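Source: prediction; values computed, not measured. Atoms within a ligand are numbered from 1 in the order they appear, just like the ligands themselves.
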Amino acid sequence: MLDIKEIINLEQYPINDSGSLSYKDLINYTRKQLNEDGCCVLSNFIRPDSIKRMKDEVDRNLKKIYFTSDKHNPYFTKEDKTLNENHPKRIFTVRQSGYLNSDDLEKDSDLNKFYDLEEMLKFVSDSLEVFPLYKWADPLGKNPYSVMHTDHYFPWHFDGNDFTLSVLIQKAEKGGFFEYVPDIRNKDNENFDEVAKVLKDDRTRVKSLDLKPGDLQIFKGRFSMHRVTKIEGKTSRYIALPCYVKDPLKINKPEHSKQVYGKALPIHFKRENIQGDGLTD
Ligand SMILES: O=C(O)CCC(=O)C(=O)O
Ligand SMILES: [Fe+2]
């Protein structure tokens, strides 16, 4: 059974010692970054051996991955032809990428172990200043790996869950940058005009990250629109995506789940009508 210290660089990030001064310093840092940038990156958070085990897990399971070349709007909804053609809900872009869904992870997966750590949930909750925070109930999307091969592109979108961590496992030779627009929408304002501008290549508010394997990123995927630029070169990009939510019951809508993870399960239909946060999904 893997121990927390075999996965996380506790010397630099003492998330197992929440009473300590160094934990307080760490939280002050992550809070400041999240408030200023809408995102926070912690270098070398995951140990290299654990990254290697996660890479091997993806390699062993490549055949299970659902790859898509479908067109999506930023909300993963069906087209609504009653809207003006320039409305962001009517702007569709091809996504080429795949997921090793959470229900396909191996029993002894480092990623499952990481996601199940109570220390991680507390650390993410403290960093985001969201109490209580929950792990996501979505059986497919709660902690998948995203895999992108040469020429793949993941267009601008919002996530179905509130907050996402990312841990880069394997970096593309070129491209594959994570780009985001911090807090472009909030629960009271969809900000469709600004969203449309970004979709039309206005880069005024766009930030870009060059993540390295082992880095931990915390971001607000439901509120900060984001994308992954085209993968160039031979090396595929692998990234782990543990997800967190404010509502312990809400999961992806069936349509969103089908578009992103290739299928919807009975639980997605059962929970389809749970009252959400009011934002387009
Ligand atoms: O691959 C990434 O860095 C982000 C992926 C993403 O936004 C998603 O899977 O929803
Ligand atoms: Fe996303």
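Results of the side chain to side chain contact (heavy atoms under 4.5 Å, CB included) test with Tyr99 over Val147, Val260, Ile65 single out Val260 as the only residue that passes. When each of Asp108, Asp110, Asp59 is checked for a salt bridge (charged side-chain N to carboxylate O under 4.0 Å, His left out) with Arg53, only Asp110 meets the rule.
A distance below 6.0 Å separates the ring centres of Tyr13 and Phe45. Taking the six-membered ring where the residue is Trp, the centroids of Tyr180 and His226 are separated by 6.0 Å or more. Taking the six-membered ring wherever Trp is involved, the centroid distance between the rings of Phe92 and His72 does not fall below 6.0 Å.
Close contacts between ligand 1 and His226 involve ligand atoms 7 (O) [criterion: under 4.0 Å to a heavy atom]. Near Val228, the atoms of ligand 1 lying under 4.0 angstrom from a non-hydrogen atom of the residue are 1 (O), 2 (C), 3 (O), 4 (C).
Per residue His226, closest N, O or S atom to the Fe ion (ligand 2): atom name NE2. Among the heteroatoms counted here (N, O or S) of Asp159, OD1 is the one nearest to the Fe ion (ligand 2).
Judged purely by atom type and a 3.5 angstrom limit, Glu194 has no side-chain atom pairing as donor or acceptor with the backbone of Asn191.
For ligand 1, the polar-atom distance check against Ser146 finds no nitrogen or oxygen pair separated by under 3.5 Å.
Summarising the geometry, atom CZ belonging to Arg222 is positioned 12.0 Å from atom SG belonging to Cys243; distances are rounded to the nearest 0.5 Å.
Side-chain atoms of Asp151 and Gln96 form no donor-acceptor pair, as typed in the model, at a separation below 3.5 Å.
With a 4.0 Å heavy-atom cut-off, ligand 1 is reached by no atom of Thr164. Contact annotation: for Arg237 versus ligand 1, heavy atoms closer than 4.0 Å belong to the side chain alone. With a heavy-atom cut-off of 4.0 Å, Asp159 touches ligand 1 through its side chain alone. At a heavy-atom cutoff of 4.0 Å, ligand 1 is contacted by no atom of Met148, backbone or side chain.
Considering only non-hydrogen protein atoms, atom 5 (C) of ligand 1 sits nearest to Leu241 CD1, 3.9 Å. When only non-hydrogen protein atoms are considered, atom 8 (C) of ligand 1 lies nearest to Tyr99 OH, 3.3 Å.
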